[in-house]
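Atom set for the values below is all heavy atoms of this structure, side chains included, hydrogens, waters and symmetry mates excluded. First the proteins, then the strands, lettered A, B, ... as listed; each starts at 1.
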There are 2 protein chains.
Amino acid sequence: MSTGSCYDGVVMAHQPIGLVLTRTSRTVSRAFDERLAAAGGSLPLWLILLALKTQTVRSQSDLADAVGIRGATLSHHLGGMEAAGLVTRRRDPASRRTSLVEMTDAGTRLFLRLREASVAHDKRLRAGLSDEEVAYLATLLDTLAFNATNAST
Amino acid sequence: MSTGSCYDGVVMAHQPIGLVLTRTSRTVSRAFDERLAAAGGSLPLWLILLALKTQTVRSQSDLADAVGIRGATLSHHLGGMEAAGLVTRRRDPASRRTSLVEMTDAGTRLFLRLREASVAHDKRLRAGLSDEEVAYLATLLDTLAFNATNAST
DNA sequence: TATTGTTATACTCTATAACTATA
DNA sequence: TATAGTTATAGAGTATAACAATA
């Protein structure tokens, strides 16, 4: 499918890169969601557990920032995760306003399953691509993310 | 941020490419959504209007496939679009089961505004990248999309 | 019977606004 | 007053299942 024809007067030899990214991401995310769901999780759960495991998170605000969602949205997810026994929340004795989120054993087990799904997903994605190509792709994507939030126009 | 440390025993020098793609897409999509909303639209609306304008769509099923959503989901959007006067639906005289979706003048005007937003978005995304780099990026993304749905593992 | 599309319903993710508790 | 987090509510997008109309 070519959309070039609709962009009258605009030099657009190929598909707009934003559209390609949107479509790719939609397809890839859907496949990833299915894998995460099969492993008993979801994308927000995976991102939250990953942030808890790999970052030194000082507060829920930090955690929300790390995941890229609002504090209220994080509360929503953490509520479900706490009810499911995946994390515990307790008030920081040093400052009872902030709460300390910790992974339970069950949370760790889910994390490991989701990590496995994530690794498998990634291995699959890399098929036919060299490490150099994947690394280059990552830098190009970083540039897009930067441009989306910082570039002028 | 490096997540390499959490992938014990897995050779993963850099971030998983799936995660990079997820984060990039989230950031870029959010920026695009804002632009489309400012122009009076949304991503599904844009994709539907784009498909109507650039493809020879024979039925709503075709249109849904082109956009990548279910028929019922498309009905949902078309309902709103018809109520907003952006499209009309009439039964195909040749086969009264299928319906013909057509853009109204108002729909065309919205299409043009969204196209403008899309072009601006794309121009912004390309900042600092050569045409060759963008083209290469597109082929890499195509590979990922293919791998997500076809590659074995 | 099979197909095209619609309607009813519900789920997930996200958000804003109002609120509580703490500093 | 300002900050950390929660709760209430809502909205967008998507989906499945049941349905109606047509072939």
Would you find a donor on one side and an acceptor on the other, under 3.5 Å apart, between the side chain of [X] and the backbone of [Y]?
X: Ser29(A); Y: Arg26(A); value: no
X: Asn147(A); Y: Ala127(B); value: yes
X: Thr27(B); Y: Arg23(B); value: yes

For atom [atom1] of [X] and atom [atom2] of [N], their distance in whole Å:
X: Leu74(A); N: dA15(C); atom1: CG; atom2: P; answer: 11 Å
X: His76(A); N: dC11(C); atom1: NE2; atom2: P; answer: 12 Å
X: Asp92(A); N: dG5(D); atom1: CG; atom2: P; answer: 10 Å
X: Arg70(A); N: dG11(D); atom1: CZ; atom2: C1'; answer: 16 Å
X: Asp65(A); N: dG5(D); atom1: CG; atom2: P; answer: 11 Å
X: Glu34(B); N: dA15(C); atom1: CD; atom2: P; answer: 11 Å
X: Ile48(B); N: dA12(D); atom1: CD1; atom2: C1'; answer: 13 Å
X: Ile69(A); N: dA15(C); atom1: CD1; atom2: P; answer: 7 Å

Check: Do Leu47(B) and Met103(B) sit in the same hydrophobic cluster, where Ile, Leu, Val, Met, Phe, Trp and Tyr count as joined when their side-chain heavy atoms come under 4.5 Å apart?
Finding: yes

Check: Do Leu21(A) and Phe146(A) sit in the same hydrophobic cluster, where Ile, Leu, Val, Met, Phe, Trp and Tyr count as joined when their side-chain heavy atoms come under 4.5 Å apart?
Finding: no

Check: Given side chains that start at C-beta, do those of Leu137(A) and Leu137(B) come closer than 4.5 Å, heavy atoms only?
Finding: yes

Could you go over nucleotides 3-5 of chain C and give all protein N or O partners under 3.5 Å, atom names and distances?
from, atom 1, to, atom 2, distance (Å)
dT3(C), O4', Arg97(B), NH1, 3.3
dT3(C), O2, Arg97(B), NH1, 2.9
dG5(C), OP1, Gln60(B), N, 3.1
dG5(C), OP1, Ser99(B), N, 3.1
dG5(C), OP2, Gln60(B), N, 3.3
dG5(C), OP2, Ser61(B), N, 3.0
dG5(C), OP2, Ser61(B), OG, 3.0

Notebook entry, point to check: Considering only dG13(D), dT14(C), dA23(C), which nucleotide approaches the side chain of His77(B) most closely?
Noted result: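 Between dG13(D), dT14(C), dA23(C), the one nearest the side chain of His77(B) would be dG13(D).
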
Taking only side-chain N and O atoms of [X], does any of them lie within less than 4.0 angstrom of OP1 or OP2 on [N]?
X: Arg26(A); N: dT14(D); result: yes
X: Arg96(A); N: dA23(C); result: no
X: Thr73(B); N: dA15(D); result: yes
X: Arg30(A); N: dG13(D); result: no

Notebook entry, point to check: Is Asp105(B) salt-bridged to Arg109(B), cutoff N-O under 4.0 Å?
Noted result: no

